[in-house]
Amino acid sequence: MLEDPLVSSTPRGTTKNLIKTPRLGGDLGASPVCSPRLSPTISGSGVVESGLCCWPPASYRAMGGPQLREDLNIGDPLALVLVTWCLGWYGLWSLIVYGNGGPYLCAVSLATHVQIKPPLGQMIPLPDPIMIFAFAWAPAIGAIEALMALSLYSSIPTTGLSHFLWYFLASAIAFACAWRYSAGAEEVLASFRSIGLRDSELFRSLPLVPVPARLHGYLIFFHNKISGSRPGEVVEITRHHPPGLANFVEVWTSSARTPSEGRGLPVLFYVHGGAWRGGHARAHAQANLLQTMATRGWFVVSVEYRKSQWPLQLEDTEKALEWVCSDEAARLGADRNRISVSGTSAGGHIGSLLVLRSLQGKLACRPGFSSMLLFYPAIDPSDWTGVTASVPFGIPFLRYKAGESFLKWFFETFILRQRPELWPSARPLVELAQESPELIKNWPSTLVLHGDKDSVVPVAHSVNFLSVLAAGSSCQANRRPQDHLVIVPGGRHTYDLAKTRLSSACFAGACAWLENSIEK
């Protein structure tokens with residue numbers, strides 16, 4: 001679970017699949033593959049120049065390290081993906097024309113086991129948002145489908161056998177999914193044990209999430225007070241407007257916790273995701289994480305940033321961190337010397353840039369970083385390492401170039417707004433690969449949680465991120481001893497949006513790891 005192998009990237013255009021994504025695997029000792037990529041060389045004008053760039057770089061190849069793990073291969077067989085996708089269309093047609101929902105429910109249940117890459121994975125009939133909740137609610141869905149199958153069994157002479165078989169097959173696949181995420185939770189806990197966490201830490205109870213937010217994490221938006229872990233304890237969410245910040249920060253504090261004399265509370269600084277254009281400081285999947293850390297005596301800050309044009313997202317986050325280091329935040333209980341940065345998806349990208357800018361001395365404050373906790377971070381929006389899905393043909397009216405990764409196209413089109421000169425401010429992986437060992441040495445210990453079925457931001461983003469940190473610190477392995485990657489079985493992008501046993505296991509381990517990082 002925790003082996004995070006070095007990625008050997010394959011040039012685009014060498015696979016026969018329609019949707020091309022390099023796979024993890026192969027011989028570590030083989031010659032590196034050189035392919036035309038964006039070079040990490042930045043010209044005097046600040047524009048990233050293109051050219052030949054080998055991935056992994058020479059310093060990575062010299063490290064050696066463990067053999068690559070075949071179970072970290074990105075994606076499923078193309079035939080299985082196409083069968084699932086076509087079954088989804090047939091099921092949708094059957095539902096609309098004949099009113100028979102069995103084939104579509106069967107396709108949905110099957111798709112919970114399959115990684116469907118962009119753009120197919122974000123389109124009807126089987127978009128990722130549906131798959132996330134089909135995966136989370138698999139036991140209930142399987143039970144409903146089984147009851148439907150039973151009700152149709154007695155009417156086989158009139159309705160025919162096919163209706164019964166579709167619902168029976170759908171329920172069987174859904175129950176298989178339920179078993180899978182239950183087993184996945186045990187694998188996640190085993191991963192946390194392997195990095196030194198004890199059961200007494202992992203099985204500390206998490207506070208109850210409000211019922212609506214258990215169904216969808218964004219629904220915590222409608223609460224400003226939620227229950228704590230003790231009787232009578234309340235976690236209060238208050239809004240603050242720091243000077244110079246165009247938006248606001250929200251502070252989560254517990255009524256039962258106060259700073260110790262002469263020392264403030266450790267800080268969890270959280271940056272929400274949402275594809276750089278959406279989400280909210282209180283509408284995200286990590287509410288239970290923030291709630292739990294507040295009940296354990298942390299000063300939890302969630303930042304709201306502007307989303308109209310890059311780099312406003314980063315600038316607002318920097319201002320929010322400067323406020324955390326201010327006297328005002330200290331009076332509220334924040335300890336600027338014990339800050340853990342956390343981010344989700346796009347927030348992981350912004351948070352990584354935030355730490356990098358701070359270590360480069362580009363902020364107005366000098367915070368003390370204890371750790372970094374990331375959930376499926378979109379750390380490489382330019383797809384420098386070439387691991388994100390693409391197609392081999394262009395779409396001119398969308399300004400999509402043949403072979404270009406969908407993530408790079410999306411970021412340049414909608415976030416940079418066709419201003420490629422802004423790329424140097426948005427590429428933490430490239431900057432880290434160029435940084436000095438002294439800076440990398442000061443990078444906080446990092447824990448990354450990433451689903452193995454994530455097609456939006458493949459797990460290879462996180463693998464490469466930790467490999468860059470290892471290479472920059474001259475570590476003779478594919479990650480530094482203080483860094484860890486926990487791969488979540490069956491996890492799609494935002495797998496933790498609905499509360500499940502799997503997401504609870506991830507939060508329990510993440511909270512325990514954060515507390516240990518402060519103690520160390």
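These values consider heavy atoms only, across backbone and side chains, with no hydrogens, waters or symmetry-generated copies.
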Check your understanding: Under a 4.5 Å cut-off applied to non-hydrogen side-chain atoms, are Asn224 and Arg282 in contact?
Key -> yes
**Study point:** Atom pair CG (Leu290) and CH2 (Trp298), whose distance is rounded to the nearest 0.5 Å
**Key:** 11.0 Å
Review point. Can you tell me if Ser254 and Glu233 form a side-chain donor-acceptor pair at under 3.5 Å?
Key: yes
Review point. Out of Leu87, Leu82, Leu80, which residue meets the side-chain contact (heavy atoms from CB on, under 4.5 Å) rule with Thr84?
Key: Leu80
Check your understanding: Have Ser370 and Ser340 got a donor and an acceptor in their side chains that come within less than 3.5 Å?
Key -> no
Practice item. Kindly assign one of parallel, tilted or perpendicular to the pair Phe133 and Trp137, based on the angle between their ring planes and the thresholds 30° and 60°. Key: tilted
**Study point:** Expected output: side-chain Thr494 to main-chain Leu497 donor-acceptor under 3.5 Å
**Key:** no
**Study point:** Atom pair CZ/OH of Phe168 and Tyr153 - distance to nearest 0.5 Å
**Key:** 11.0 Å
**Study point:** Pairing of Arg180 and Glu187 as salt bridge, 4.0 angstrom limit
**Key:** no
Review point. So, for Phe411 and His349, is the gap between ring centers shorter than 6.0 Å?
Key: yes
Point to revise | Contacts of type side chain to side chain contact (heavy atoms under 4.5 Å, CB included), residue Ile339, not counting sequence neighbours | key: Val267, Phe269, Leu321, Val324, Cys325, Val341, Pro367, Phe369
Exercise for review: Please report the closest heavy-atom contact between Pro210 and Ile226, naming both atoms and the distance.
Suggested key: CG-CG2, 3.5 Å
Check your understanding: So, do Phe299 and Arg338 sit near enough that their side-chain heavy atoms are less than 4.5 Å apart?
Key -> no
Check your understanding: So, do Tyr495 and Tyr181 have ring centers that fall under 6.0 Å from each other?
Key -> no
Practice item. Could you walk me through whether Leu126 and Ile116 pass the side-chain contact (heavy atoms from CB on, under 4.5 Å) test, one step at a time? Key: CA-CA 9 Å; Leu126 301 170; Ile116 304 178; 4.3 Å; yes
Review point. Is the closest side-chain donor-acceptor distance between Asp380 and Thr385 under 3.5 Å?
Key: yes
**Study point:** Any Ile124 side-chain heavy atom under 4.5 Å of Trp89 side chain
**Key:** yes
Exercise for review: Would you please name every residue forming a side chain to side chain contact (heavy atoms under 4.5 Å, CB included) with Leu161, sequence neighbours left out?
Suggested key: Ile156, Phe164, Leu165
Check your understanding: Do the side chains of Ser345 and His493 get nearer than 4.5 Å, heavy atoms only?
Key -> yes
Revision key, fill the gap. Looking only at heavy atoms, the pair that brings Phe175 and Pro139 closest together is CE2-O, 3.9 Å
Check your understanding: Does Asp483 use its side chain to pair, donor to acceptor, with the backbone of Arg479 at less than 3.5 Å?
Key -> no
**Study point:** Value rounded to 0.5 Å, distance of CG in Asp199 from CG in Leu189
**Key:** 8.0 Å
Check your understanding: Judged by atom type as modelled, is there a donor-acceptor pair below 3.5 Å linking the side chain of His113 to the main-chain atoms of Ala174?
Key -> no
Check your understanding: Does any non-hydrogen side-chain atom of Thr388 lie less than 4.5 Å from one of His461?
Key -> yes
Check your understanding: Looking at Phe221, Tyr218, Tyr270, which one forms a ring-ring contact (aromatic ring centres under 6.0 Å, His included) with His284?
Key -> Tyr270
Revision key, fill the gap. The side-chain hydrogen bond (donor to acceptor under 3.5 Å, both in side chains) partner of Arg492 among Asp128, Asp452, Asp454 is Asp128
Revision key, fill the gap. Tightest non-hydrogen contact, residues Ile173 and Cys106, listed as CD1-SG, 3.9 Å
Practice item. Please check if the side chain of Lys453 supplies one atom and the backbone of Gly451 the other of a donor-acceptor pair under 3.5 Å. Key: no
Point to revise | Pairing residues for Arg214 by the side chain to side chain contact (heavy atoms under 4.5 Å, CB included) criterion, not counting sequence neighbours | key: Leu208, Val209, Val211, Lys499
Review point. Do any N or O atoms from the side chain of Ser517 and from the backbone of Leu514 form a donor-acceptor pair under 3.5 angstrom?
Key: yes
Exercise for review: Begin from the C-alpha positions of Leu202 and Arg193 and carry the test side-chain contact (heavy atoms from CB on, under 4.5 Å) through to its verdict.
Suggested key: CA-CA 8 Å; Leu202 293 173; Arg193 292 187 188 102; 3.7 Å; yes
**Study point:** Distance (rounded to the nearest 0.5 Å) between Leu432 CG and Ser352 OG
**Key:** 7.5 Å
Check your understanding: What pair of heavy atoms forms the shortest contact from Ala170 to Leu105, and how long is it?
Key -> CB-C, 3.9 Å
Practice item. Determine yes or no for a side-chain-to-main-chain donor-acceptor pair under 3.5 angstrom, with Ser503 supplying the side chain and Asp496 the backbone. Key: no
Review point. Can you check whether Asp383 reaches Leu407 side chain to side chain, under 4.5 Å on heavy atoms?
Key: no
**Study point:** Side chains of Leu197 and Asn516 in contact at under 4.5 Å (non-hydrogen atoms)
**Key:** yes
Revision key, fill the gap. CH2 (Trp85) and CG (Leu110) are apart, to the nearest 0.5 Å, by 15.0 Å
Practice item. May I ask you to check whether Phe414 and Trp409 place their ring centres under 6.0 Å from each other? Key: yes
Review point. Taking the six-membered ring for Trp, is the centroid-to-centroid distance between Phe406 and Tyr400 below 6.0 Å?
Key: yes
Point to revise | Distance-only donor-acceptor check, side chains Arg427 and Ser382, under 3.5 Å | key: yes
Review point. Going from CG on Leu502 to OG on Ser182, what distance comes out if it is rounded to the nearest 0.5 angstrom?
Key: 9.5 Å
Check your understanding: Just wondering, more than 12 heavy atoms not from Phe203 lying within 6.0 Å of its CZ?
Key -> yes
Exercise for review: Verify side-chain contact (heavy atoms from CB on, under 4.5 Å) between Leu206 and Ser229, making sure each step is shown before the conclusion.
Suggested key: CA-CA 7 Å; Leu206 303 177; Ser229 56; over 6 Å; no
Check your understanding: Taking the side chain from Ser473 and the backbone from Ala470, do they hold a donor-acceptor pair closer than 3.5 Å?
Key -> yes
Review point. Are the side chain of Gln286 and the backbone of His272 linked by a donor-acceptor contact shorter than 3.5 Å?
Key: no
Point to revise | Over-ring placement of Lys408 relative to Phe410, 6.0 Å and 45° cut-offs | key: no
**Study point:** Side chain Thr253, main chain Val251, donor-acceptor under 3.5 Å
**Key:** no
Point to revise | Greater than 12 external heavy atoms within 6.0 Å of Arg230's CZ | key: no
Review point. Distance only, no hydrogens: is a donor on one side chain within 3.5 Å (strictly under) of an acceptor on the other, for Trp513 and His484?
Key: no
Check your understanding: Of the non-hydrogen atoms in Cys177 and Ala138, which two are nearest, and what is the gap between them?
Key -> SG-CB, 3.8 Å
**Study point:** Criterion side-chain contact (heavy atoms from CB on, under 4.5 Å) on Ser371 and Gln482, from CA distance to verdict
**Key:** CA-CA 10 Å; Ser371 59; Gln482 66 268 37; over 6 Å; no
Review point. Looking at side-chain heavy atoms only, is the closest gap between Leu374 and Ser462 below 4.5 Å?
Key: no
Point to revise | Closest heavy-atom pair and its distance - Arg204, Ser200 | key: CG-O, 3.3 Å
Review point. Does Glu515 reach the main-chain N or O of Ala512 with its side chain, forming a donor-acceptor pair under 3.5 Å?
Key: no
